[in-house]
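Accompanying notes for the structure given below.
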Amino acid sequence: MVFPRTFLKSRLARRVYMLFILCALVPMTILAVISYVQVNRVIMDNELRGLQRNAFSQSMAVFDRMVFLDKELEMIASHLARYPGPGKAPVLDSGGGPLSIHFLGLGVFDHDTGGYIMVAGAEQPQPLIMRQPLHSLPSDTSMVLTDHQGEGPGSVFLIRRIPGRSISSYVIAQIDLEYLFGLYAEEAEEESIRLSILDEGKILFTNLPEDHGESLLKAVPSGDSPSRGFSWTAGSGTYLSSSAPVFLKSKFAGTMWKLVLSEPKEIIHAPGVMFRNIYVPVFFTALLFVLLLSMRQIRKSLIPLERLKESTGMISRGELISHEVIRSGDEFEELSESFNVMAIKLNQQFNTLKAMAGIDRAILSLLDTDKIVETFFSRIGIVLPNDAAGVYIRDSAGSSAWYLYTRGASSRGDTHPNIMIIPLSIPGEDLEPLNRYMEYIVLRKDDGVPAYLDRLSSQDMAMYLILPIRVKESLYAFIVLADRHAKEHSHDYIIHARQIADRMAVAFANASLIDEMNQLNWGTLTALARVVDAKSSWTAGHSERVADLAVEIGRIMGLPEKDLVTLNKAGLLHDIGKVRTPRPILNKPGKLTEEEFDIIRKHPEDSSRILEPITPYRDIIPAVLQHHERFDGKGYPRGLSGESISLCGRILAVADSFDAMVSDRPYRKGKSLDAVLREIREEAGKQFDPLVVDALMQVFKDKEERT
């Protein structure tokens, strides 16, 4: 056969040559664009979540430090109370007296006379203090004042009444902002994150450049809720920011601050720029390689073969099952055989990649350990054929306690496998190789295998591939793939197995993080409930008992899990408004006066106002607000009746009344269980919803049957 002088004169040659170019150029271009967009999106999302968490954490830290300063000021006020009046106030110093090194100055101020005496440090701005309604300041509460006069950071003052003196005598302290914000500003600056503290539309403190303040104030969202994130521009720079309120009003009188963290977008996008700069030369190098290789192969081997032309067309259309047999006894026969092998391998690789992508999407979208393992078993046989598979997961209760997840013998290859869970104990010496080898371990039966592998399958296995899974740099789980016959695993098999193990590590880490966040959330709710109950020794544990009983009643009534969670949260926080109720009223041994009872009646609305800024808790506000409403409409605060009261509110009313009646109070002893149940039954249709009362009776009937 005579080849043309220029091989590109061949129509088939040109077609194959263009096919080589397109197959390399189009996917690589699409991959480059998608990868670059996804990298930037993931970077922005991760950075935004990090800013949100960091802003909330630092706002809580600032609040904690303010509480600490308030305690110090309370000690100083107690020290000053030993002296009869402002004229007798001692001069304090940070060396020997109680003056905290965290205050720039201290003074004693008489609000009625306007008299002011410096005790230590810098002089306070008396006109600013004179304008404050200090007579309404409770004796056990401090007021926070800010002064924004002049340029640069503002000034923060803490004011507290001096005990034992007249109600117009106060100690005033100027807080050292280097102490209050300096630590966080230094940490933020090291991470290229800028810290700003806003006070009622003004900048109290910032380590942003001086000319960026006005731009930040225009961009920051209004309101007291944490922001998901916002962008703003100042000068030639663009920032990504997140804000979180510093809830000073929950502890102090006065203002509420907003903490804002900002990071330059040019720093955020730096990894994306690096990715782009690396990918472009790699792309063109790969493209050049494809061009040179295609030219060489076409020049050397490609001639117009009609039978291969049709098969090649099928390959270009994605039909990877073509099979062409040429019996020519020369290189073209070898070409056809290679072509057939290529088609088979491409089909296998395509199916494998498709299965791997399915496993990635399925596993990484789950946050439940059992579902992650179930998804693993439903897909693993497609990518990694095996005779037995198991996932060993450490039990958090102990270092040697583990759970083996394995599939039943009848469920192999099933998309919904029957998962068996076997508890077992694995000694530390058996786990030592897993801690030593990061990627994988291959064990053969002849070499001796640890005892925990015997529980994987009742059938005799000759070879085990073990893949450790680490979460937070410690061994969290491991995968075992077993075969009845000893064989050498291919390099691709090992790579795919390790990739699946890495995906499961990410999924387990996400599930663990969500579980930790849920535990933190419930712990916070319980802590808040105990803080409220701690105001009176008579109400210790009341909120937790009410929450537990409300959930039991809701479960008897068939409420869905979402409503049971709402009941639990509402039960824990239903009395949070009592933080504003004076302790003498809560502990009064006798009957309350009408004025005192009016104060008590306010606590549901106070609870609602406290919870309103917290978006995740807004669904519990109706139950908290209505837990003292009566079914007959004679309750408070709104006088609602019947089904106009939310179901959770009606359940909470019964649970709250039950616990109040069986518990001791300063004005009476708790009643017996039978007496309380009888009284609640008599109030069915009056004070309480009859259906909820029936559910309460069923709760105690079930308890009696169990005992």
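The basis for the numbers below is simple: all heavy atoms, side chains too, and nothing from hydrogens, waters or symmetry mates.
- Across A623 and A570, no two heavy atoms sit closer than the pair CB-CB, 3.9 Å.
- With R650 contributing its side chain and V692 its backbone, the two residues share no donor-acceptor pair below 3.5 Å.
- A distance of 11.0 Å separates CG of N46 from CE of M44, quoted to the nearest 0.5 Å.
- One side chain, T146 or D199, offers a donor N or O that lies under 3.5 Å from an acceptor on the other.
- Side chains of S646 and Q626: a donor-acceptor N/O pair is present below 3.5 angstrom, by distance only.
- A distance below 6.0 Å separates the ring centres of H627 and H603.
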(request) Could you give me the CA-CA distance, side-chain angles and deciding distance for V108 and S169, then say whether side-chain contact (heavy atoms from CB on, under 4.5 Å) is met? (result) CA-CA 7 Å; V108 176; S169 184; 4.2 Å; yes
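- Scanning for side chain to side chain contact (heavy atoms under 4.5 Å, CB included) contacts around D176 gives L104, E178, Y179, with sequence neighbours left out.
- The side-chain heavy atoms of V144 and F157, taken from C-beta on, include no pair separated by under 4.5 Å.
- Separating the NZ atom in K202 from the CG atom in D147 is a distance of 9.0 Å, to the nearest 0.5 Å.
- By the 4.5 Å heavy-atom criterion applied to side chains, P423 and W402 are not counted as neighbours.
- If you take CG on L198 and CG on L259, they are separated by 8.5 Å, rounding to the nearest 0.5 Å.
- Counting only heavy atoms from C-beta outward, the side chains of V156 and L158 never approach each other to under 4.5 Å.
- The two residues C648 and D563 make their nearest non-hydrogen contact at SG-O, 4.3 Å.
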(request) Before giving the answer on side-chain contact (heavy atoms from CB on, under 4.5 Å), spell out for I197 and K258 the whole-Å C-alpha distance, their side-chain angles and the decisive distance to 0.1 Å. (result) CA-CA 6 Å; I197 304 294; K258 179 177 290 188; over 6 Å; no
(message) The test is salt bridge (Lys or Arg N to Asp or Glu O under 4.0 Å); show your working for R609 and D606 and say whether it passes.
(response) CA-CA 5 Å; R609 281 192 292 271; D606 289 338; 2.4 Å; yes
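- The closest donor-acceptor contact from the side chain of R555 to the backbone of L564 lies at 3.5 Å or more, if one exists at all.
- For the pair F68/H102, a side-chain contact is recorded, criterion being any heavy-atom separation below 4.5 Å from C-beta on.
- Remark: L567 CG to E552 CD distance equals 11.5 Å, nearest 0.5 Å.
- Residue S142 is tested with R160, R161, K251 for a side chain to side chain donor-acceptor pair (under 3.5 Å); the sole match is R160.
- A ring-centre distance under 6.0 Å is not found for W257 and F205.
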(request) Just do the side-chain hydrogen bond (donor to acceptor under 3.5 Å, both in side chains) check on D694 and Q698 with the steps written out, would you? (result) CA-CA 6 Å; D694 290 342; Q698 186 63 43; over 6 Å; no
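- The closest donor-acceptor contact from the side chain of T566 to the backbone of K562 lies under 3.5 Å.
- Taking both residues in full, the closest heavy atoms of G229 and L48 are given as CA-CD1, 3.5 Å, listed atom of the first, atom of the second, then distance.
- Classification of the F252-F63 ring pair by plane angle, with boundaries at 30° and 60°, yields perpendicular.
- Looking at S59, its side chain does come within 3.5 Å of a backbone N or O of F56 through a donor-acceptor pair.
- Between L261 and A55, the shortest heavy-atom contact is CD1-N, 3.4 Å.
- For R601, the side chain to side chain contact (heavy atoms under 4.5 Å, CB included) test picks out E594, F597, D598, Y636, with sequence neighbours left out.
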(request) Tell me, with the steps shown, if S250 and I610 meet side-chain contact (heavy atoms from CB on, under 4.5 Å). (result) CA-CA 8 Å; S250 63; I610 290 172; over 6 Å; no
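- With contacts defined as side-chain heavy-atom distances shorter than 4.5 Å, the pair M504/F376 qualifies.
- The only option from L691, D656, D689, L559 that meets the side chain to side chain contact (heavy atoms under 4.5 Å, CB included) definition with I651 turns out to be L559.
- No donor-acceptor pair closer than 3.5 Å links the side chain of T206 to the backbone N or O of I203.
- Looking at heavy atoms from C-beta onward, L696 lies in side-chain contact with L549 at the 4.5 angstrom threshold.
- Residues satisfying the side chain to side chain donor-acceptor pair (under 3.5 Å) test with E596, not counting sequence neighbours, are K588, T593.
- Side-chain contact between L625 and R638: present, with at least one pair of heavy atoms (C-beta onward) separated by less than 4.5 Å.
- The two residues I621 and E612 come nearest to each other via the heavy atoms CD1-CA, 3.6 Å.
- Atom CG of L177 is separated from atom CD1 of I175 by 7.5 Å, given to the nearest 0.5 angstrom.
- Atom CD1 of I172 sits about 13.0 Å away from atom CD1 of I76, to the nearest 0.5 Å.
- The nearest pair of heavy atoms linking D619 to P622 is O-CD, 3.7 Å.
- Between F700 and F658, the gap from one ring centroid to the other is short of 6.0 Å.
- Checked against ring-ring contact (aromatic ring centres under 6.0 Å, His included), F631 has no partners two or more places apart in sequence or in another chain.
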(message) Assess the residue pair N54 and Q58 against the criterion (side-chain contact (heavy atoms from CB on, under 4.5 Å)); give the C-alpha distance rounded to whole Å, side-chain angles, the decisive distance to 0.1 Å, and a yes or no.
(response) CA-CA 6 Å; N54 202 0; Q58 293 200 19; 3.2 Å; yes
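- No donor-acceptor distance shorter than 3.5 angstrom exists from the side chain of S644 to the backbone of L640, with no hydrogens or angles considered.
- Considering only residues two or more places apart in sequence or on other chains, K686 meets the side chain to side chain contact (heavy atoms under 4.5 Å, CB included) condition with R630, D632, E683.
- When the ring-ring contact (aromatic ring centres under 6.0 Å, His included) test is applied to Y403, no partner is found at least two apart in sequence or on another chain.
- Aromatic pair Y170/F109: ring centres not closer than 6.0 Å.
- Formation of a donor-acceptor pair under 3.5 Å by the K634 side chain with backbone atoms of E629 is not found in this model.
- The ring of H542 has its center closer than 6.0 angstrom to the ring center of H574.
- Looking only at side-chain heavy atoms (C-beta outward), V246 and M256 stay at 4.5 Å or farther from each other.
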